[in-house]
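Structure record follows, encoded as structure tokens.
So you know, we letter chains A, B, ... as the sequences are listed, proteins then strands, and number each from 1. Side-chain atoms are counted along with the backbone in the values below, which use heavy atoms only and exclude waters and symmetry mates.
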Amino acid sequence: MMRTHLTSALETALIGSTVELCGWVAKRRDHGGVVFIDLRDAGGVVQVVVDPSKVVGVDPHLIRSEFVLRVVGVVKDRPEGTIKSDTANGAIEVAVDSVEILAACDALPIPVDEEVAADESLRLKYRYLDLRGRRLQGNLRLRARVNHLLRQAFDEREFIEVETPLLIASTPEGARDFVVPSRLTPGSFYALPQSPQLFKQLLMVGGLDRYFQIARCLRDEDPRADRQFEFTQLDMEMSFVDSDDVMDLVGEIVASVIRDVTQESADNPGRMTWADAMATYGTEKPDLRFDLPISNVTSVFSATEFRAFQADSVGALRIPESGELTRARLDSLIERAQSLGAPGLVWIRVREGSLIDSPVAKFLSEEEKSALLTKTNAQPGDLILLAAGSLAMTSEVLGVIRKEFCVVTKDLGLHTIWVTDFPLFEGLDDKGNPISSHHPFTAPHPDDLDLFMHAEGEDLLSVRSQAYDLVVNGWELGSGSVRIHSREIQERVFSLLGISPELAHARFGFLLEAFRYGAPPHAGFAFGIDRLVALLAGEDNIREVIAFPKTQSGADPLTNAPSLLEGSQLKSLGLSLAAKKKESRS
RNA sequence: GGUCCUGUGGUGCAGUUUGGAGUGCACGCCGCCCUGUCAAGGCGGAGGCCGCGGGUUCAAAUCCCGUCAGGACCGCCA
């Protein structure tokens, strides 16, 4: 070993001991006759003191930022008046006898461990430098801890960790696949898994009973703050359980991880139906750090003279103590609402004594005004925003407006909620076939089974499923469902989706066949570890919890991926490239 | 595919609205001085195709068009 201690292991009990440390020069304060170096290693930082007239090894004036040093010295308590009580090793320092430069460092292209973040492409190009900073070090250590806690929790509950293949058959449903050309079967392609979905169901048929995996998943869709091409899920599946069993177990584990990491209390997630989430928050992933519910005030205006409110639905959002918003701000809210498809947005300032101030006040009767104030529980000084139209539109618009008033601060903590009873289908395609809202293996809700088996067209859209999402602070952390294990129901789903028996057989024949040989009832869940760690770390982009992420255009400035292939590589894969558009134009 | 924001010495910014010599700030870098600093300090210095390409103009970091890169979002994400 080149060292005897990490800097984090140094303490006053070691005063007088000789220690050997290795690390990077985080900061250098050269006073000529004495040189102070803040030496950083994986544990932290300690001040080492070098006397140029006594030190063995190198001239300490030549030492620069981020040089890699090995020092041998004696742990000492600091002289009176030089103790830094706000720093971990602030009471001690290491008086160095010898210094060895293990590696020099060029002038840095980006600062290491600074508060101000450099340009994202530079951060990624020099990721190894960015990784030295406290932010990414802390995030990756947190991530490792979360992985450990999850493995431990599932292991304790008798789940078997199983790896599933990365090179699989493409299934055209869902997200775009990343594909890999086959060399041994030229012209054929593997796909990289969007999730281990089919394999985990086969593991249940295979009698594994309880499976989990920390699984890499890949989807070729445009990256976002909460999405990368490749991401990591805690994937799990259980046999002989219902949706409550899965939600209870996963909720308990997620809450325990939050407690462990934050050292604060965290209840198991509550429950809310999809219909309630949509009606109350205008979104299927409500951010419950803020209450601000949407009220349905359609009944208040059932006989109104005001034409704009003679609609299927009128929704109201009461924003406490915001009655003094400027007209400019109100106008921008109206514009926002219109950009989302609302004909308009009506604002009402609530005054003392049930008076209101609004451009539409004169169109509303006294009864309507007072009913509105009662229904929304409005107080003087509040602002009420109203949108009228279809229920779906008013909910969505007010849901988006609601978020504009949610001022996020870190101390609000993590608010978890299960959203249940999603619709089985989320709409009809241009052929009139319903579209799966989760995936085609999601079981219909038992109470809607009859409807599911017999309904057609629009009526199918009211069939609920046994799908559930775990939502944290407005992020969809994960989703799961009770799976179909009956061939009859599975075949009906395929048929409704417009997938012919032949096509179903071609794509999912192996699963359907497996279901002929004794498939246990099973259900599962998967949640994004990148998102969970980002939430725990207080990061708003998952790049900050991934060691080597990609940019929004899917590039890696460090390795220059994606890159061109040699002609010989293409040839051995049986591939040839179509001419680029620009080249064909010129 | 689309909308919006950003691009100025190594880094982070100001300057762009209202065109007039690459002007400025902080950090870093280089040299010298300095024995108790910890964002060390003092003195001196180097470093710029103002992302790139066109256009307008007597004159462009600044205005216009295009393009590239990064970011936020829409579409997309069973």
Side-chain angles (χ1 to χ4, degrees), chain A residues 26-39 45-54 60-62 64-66 76 78-87 89-90 93 95 105-126 129-130 171-177 193-195 197-198 217-229 231 336 339-341 400 403 422 424-427 429 434-442 465 467 476 479 481 493-494 497 499 507-508 526 528 540-541 543 550-555 557 582:
Chain A
K27 209 77 196 176
R28 166 188 59 110
R29 292 175 295 279
D30 187 343
H31 288 224
V34 63
V35 181
F36 299 97
I37 292 167
D38 290 340
L39 192 71
V45 174
V46 72
Q47 172 168 278
V48 304
V49 187
V50 185
D51 183 339
S53 66
K54 294 178 188 160
H61 301 303
L62 299 178
R64 293 291 181 270
S65 279
E66 298 302 319
K76 292 192 166 163
R78 294 204 188 176
E80 197 81 17
T82 64
I83 292 170
K84 269 184 81 71
S85 53
D86 58 339
T87 318
N89 281 323
E93 62 191 15
C105 178
D106 290 350
L108 293 166
I110 58 167
V112 171
D113 204 23
E114 288 284 324
E115 290 291 322
V116 284
D119 180 80
E120 194 62 33
S121 59
L122 283 172
R123 291 186 66 199
L124 293 180
K125 182 174 180 184
Y126 299 101
L129 291 178
D130 213 20
T171 55
E173 284 74 26
R176 253 186 306 275
D177 283 325
Q194 298 175 25
S195 80
Q197 184 60 37
L198 297 169
C217 306
L218 300 104
R219 296 178 188 172
D220 187 3
E221 301 292 352
D222 290 9
R224 285 284 195 287
D226 61 349
R227 270 171 24 201
Q228 287 263 315
F229 283 160
F231 57 100
R336 186 93 175 92
S339 76
L340 293 164
V400 171
K403 282 203 279 185
F422 276 73
L424 188 62
F425 303 110
E426 64 183 12
D429 66 18
I435 303 162
S436 278
S437 54
H438 189 51
H439 58 57
F441 315 107
T442 304
S465 73
E476 181 196 314
S479 61
S481 61
V493 169
F494 284 146
L497 294 176
I499 301 174
R507 288 183 192 165
F508 308 112
D540 52 20
N541 193 304
R543 279 193 305 268
K550 289 179 178 57
T551 67
Q552 201 167 73
S553 59
K582 281 180 186 172

Distance, nearest 0.5 Å, that separates CD of A:Q197 from OG of A:S481
6.5 Å

Does the structure show a Watson-Crick or G-U wobble partner for B:rA59, both distances under 3.5 Å? Name it, or say none.
none

Could you please name the partner base of B:rU67, counting Watson-Crick and G-U wobble pairs only when both distances are under 3.5 Å?
B:rG51

Provide the Watson-Crick or G-U wobble partner of B:rG28, both distances under 3.5 Å; none if there is no partner.
none

Using Watson-Crick or G-U wobble geometry with both distances under 3.5 Å, which nucleotide pairs with B:rU3?
B:rA72

Check side chain to side chain contact (heavy atoms under 4.5 Å, CB included) between A:T551 and all other residues, then give those that pass, not counting sequence neighbours.
A:L124, A:S553, A:A555, A:P557

Kindly write out the residues that satisfy side chain to side chain contact (heavy atoms under 4.5 Å, CB included) with A:D38, not counting sequence neighbours, or none if the list is empty.
A:A26, A:K27, A:R29, A:V45, A:Q47

Partners passing side-chain hydrogen bond (donor to acceptor under 3.5 Å, both in side chains) against A:K125 (at least two apart in sequence or in another chain)
none

May I ask which nucleotide in the shown strands pairs with B:rU35, Watson-Crick or G-U wobble, both distances under 3.5 Å?
none

Within a reach of under 6.0 Å around CG of A:D51, are more than 12 heavy atoms found that belong to other residues, nucleotides or ligands?
yes

Whole angstrom value for the distance that separates P of B:rU37 from CD of A:E80:
13 Å

A:D30 atom CG is separated from B:rG36 atom P, nearest whole Å, by 12 Å

Who passes ring pair (Phe, Tyr, Trp, His ring centres under 6.0 Å) against A:F494, sequence neighbours left out?
A:F508

Using purine N1 to pyrimidine N3 plus N6-O4 or O6-N4 for Watson-Crick, or N1-O2 and O6-N3 for G-U wobble, both under 3.5 Å, which nucleotide pairs with B:rA21?
none

Inspect the contact between A:D86 and A:K84 and indicate whether a charged nitrogen and a carboxylate oxygen are less than 4.0 angstrom apart.
yes

Going by modelled atom types, is there a donor-acceptor pair between the base of B:rC38 and the side chain of A:R78 at under 3.5 Å?
yes

Set of ring pair (Phe, Tyr, Trp, His ring centres under 6.0 Å) partners for A:H61, sequence neighbours left out
none

pair_partner(B:rU16), Watson-Crick or wobble, both distances < 3.5 Å, evaluates to none

For A:D429, enumerate each residue passing the side chain to side chain contact (heavy atoms under 4.5 Å, CB included) test, keeping only those at least two apart in sequence or located in another chain.
A:K431, A:N433, A:I435

Stacking here means centres under 5.5 Å and planes under 30°; does A:H31 stack on B:rG36?
no

Between A:G174 and A:V116, the residue closer to the 5' end of RNA chain B by nearest nucleotide is A:V116

Please tell me if A:K125 has a side-chain N or O lying less than 4.0 Å from either OP1 or OP2 of B:rG10.
no

Any protein N or O atoms within reach of nucleotides 70-75 of chain B? Criterion: under 3.5 Å, listing atom names and distances.
residue, atom, partner, partner atom, Å
B:rG70, OP1, A:T551, OG1, 3.1
B:rG70, OP1, A:S553, OG, 3.3
B:rG70, OP2, A:S553, OG, 2.9
B:rG71, OP1, A:R543, NH1, 3.3
B:rG71, OP1, A:Q552, N, 3.2
B:rG71, OP2, A:Q552, N, 2.7
B:rA72, OP1, A:N541, ND2, 2.4
B:rA72, OP2, A:Q552, NE2, 2.6
B:rA72, N7, A:Q552, OE1, 3.1
B:rC73, OP2, A:A225, N, 3.4
B:rC74, OP2, A:R224, NE, 3.3
B:rC74, N4, A:R224, NH2, 3.4
B:rG75, N7, A:R224, NH2, 2.8
B:rG75, O6, A:D222, OD2, 3.4
B:rG75, O6, A:R224, NH1, 2.8
B:rG75, O6, A:R224, NH2, 2.9
B:rG75, N1, A:D222, OD2, 2.9

Sequence neighbours excluded, the answer for side chain to side chain contact (heavy atoms under 4.5 Å, CB included) partners of A:V112 is A:R40, A:E66, A:L108, A:L129, A:R132

Please list, for nucleotides 26-28 of chain B, all pairs of protein and nucleotide N/O atoms separated by less than 3.5 Å.
none

Would you please confirm or rule out a distance under 4.0 Å between OP1 or OP2 of B:rC30 and any side-chain N or O of A:R64?
yes

Give the rounded distance in Å between these two atoms: CG of A:D51 and C1' of B:rU37.
14 Å

side-chain hydrogen bond (donor to acceptor under 3.5 Å, both in side chains) partners for A:E114, two or more places apart:
none

For residues A:P79 and A:E93, report the shortest heavy-atom separation together with the two atoms involved.
CD-OE2, 3.9 Å

Going by salt bridge (Lys or Arg N to Asp or Glu O under 4.0 Å), name the residues that satisfy it together with A:R543, two or more places apart in sequence or in a different chain.
A:E120

Looking only at side-chain N and O atoms, does A:R29 come under 4.0 Å of OP1 or OP2 in B:rA40?
yes

Rounding to an integer number of Å, can you tell me how far A:H439 NE2 sits from B:rC77 P?
15 Å

Length of the CG-C1' vector between A:D113 and B:rA39, whole Å:
13 Å

For nucleotides 45-47 of chain B, list the nitrogen or oxygen atoms of the protein found under 3.5 Å from its nitrogen or oxygen atoms, one pair per line.
none

